[in-house]
Amino acid sequence: MDKELHEKYEYARRRLKQKKRLYFHFVLFLIGSLFFLIIEKLFDIQPFEGWYLWAVTIWFFLFILHFIKVYITDRFMNKEWEREQINRLVAKQEQRIKQLVQKAEDELST
């Protein structure tokens with residue numbers, strides 16, 4: 001298997017693993033929220049007022065952060081994006097070096 005095909009396979013495998021973990025996190029969130037609700041209503045366990053809503057809200061916020069990481073951040077800022085940014089910066093640096101060399105040559109010739 002050539003290097004490019006292997007990189008594509010590894011990227012696809014990593015993305016699939018990320019999405020699988022996100023879906024598992026979502027299911028765990030739903031089951032956990034239901035469990036917290038049952039604990040609060042059925043067993044009447046209340047360490048403090050509104051603890052259920054605080055727990056679910058914090059957990060939901062963590063799930064949203066996980067969602068953003070998987071579907072927004074990692075989708076656009078992957079290895080290909082890194083390569084493009086490096087190539088752009090290297091080209092910019094090479095252009096600047098050429099300008100400096102040209103400027104030095106012009107000053108020496110005058």
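Start at 1 with the first residue, then count along the sequence.
Chaining together hydrophobic side chains whose heavy atoms lie under 4.5 Å apart leaves Tyr11 on its own. Under a 4.5 Å side-chain heavy-atom cut-off, the cluster of Ile, Leu, Val, Met, Phe, Trp and Tyr residues that includes Leu16 has no other member. Side-chain heavy-atom separations under 4.5 angstrom define the hydrophobic clusters, and the remaining members of the one that includes Ile97 are Val101.
Arg96 meets the salt bridge (Lys or Arg N to Asp or Glu O under 4.0 Å) test with no other residue; sequence neighbours excluded. The side chain to side chain donor-acceptor pair (under 3.5 Å) test applied to Lys19 returns no partner, not counting sequence neighbours.
Side-chain atoms of Gln85 and Arg88 include a donor-acceptor pair closer than 3.5 Å.
Note: the hydrophobic cluster containing Ile38 does not contain Ile31 (ILVMFWY, side chain heavy atoms under 4.5 Å, direct or indirect links). Both Trp54 and Phe35 are part of a single hydrophobic cluster, where members link through side-chain heavy atoms under 4.5 Å apart. Ile64 and Tyr23 fall within a single hydrophobic cluster, where Ile, Leu, Val, Met, Phe, Trp and Tyr are joined by side-chain heavy atoms under 4.5 Å apart, directly or via other members. If you chain together hydrophobic residues whose side chains sit under 4.5 Å apart, Phe67 and Phe24 fall into the same group. Leu37 and Leu42 fall within a single hydrophobic cluster, where Ile, Leu, Val, Met, Phe, Trp and Tyr side chains are chained together by heavy-atom contacts under 4.5 Å.
Side-chain atoms of Arg15 and Val70, non-hydrogen and from C-beta on, do get closer than 4.5 Å to each other. In this structure, the side chains of Tyr52 and Val56 come closer than 4.5 Å at one or more pairs of heavy atoms. Inter-residue side-chain proximity for Asp106 and Gln102 is flagged as met; some heavy-atom pair is nearer than 4.5 Å.
The existence of a salt bridge linking Arg83 and Glu7 is confirmed by a sub-4.0 Å separation between a basic side-chain nitrogen and an acidic carboxylate oxygen.
Note that CD of Glu94 is 11.5 Å distant from CG of Leu89, once rounded to the nearest 0.5 Å. Atom CG of residue Asp2 and atom NZ of residue Lys8 lie 8.5 Å apart, to the nearest 0.5 angstrom. Distance check, rounded to the nearest 0.5 Å: CD of Gln18 to CZ of Arg14 gives 5.0 Å. Within the model, atoms CZ of Phe29 and CZ of Phe36 stand 10.0 Å from one another, a figure rounded to the nearest 0.5 Å. Atoms CD1 and CG, from Ile58 and Leu62 in turn, are 8.0 Å apart once rounded to the nearest 0.5 Å. Between atom CD1 of residue Ile68 and atom CG of residue Leu22 there is a gap of 11.0 Å, rounded to the nearest 0.5 Å.
Between Phe26 and Phe63, the ring planes are tilted. Angles from 30° to 60° get that label.
Summarising the local packing, CD of Gln99 is surrounded by more than 12 heavy atoms from other residues, nucleotides or ligands at distances under 6.0 Å. Other residues, nucleotides and ligands place more than 12 heavy atoms under 6.0 Å from the CH2 atom of Trp51.
A side-chain hydrogen bond (donor to acceptor under 3.5 Å, both in side chains) check over residues 55-66, counting only residues at least two apart or in different chains, returns the pairs His25-Trp59, His25-His66.
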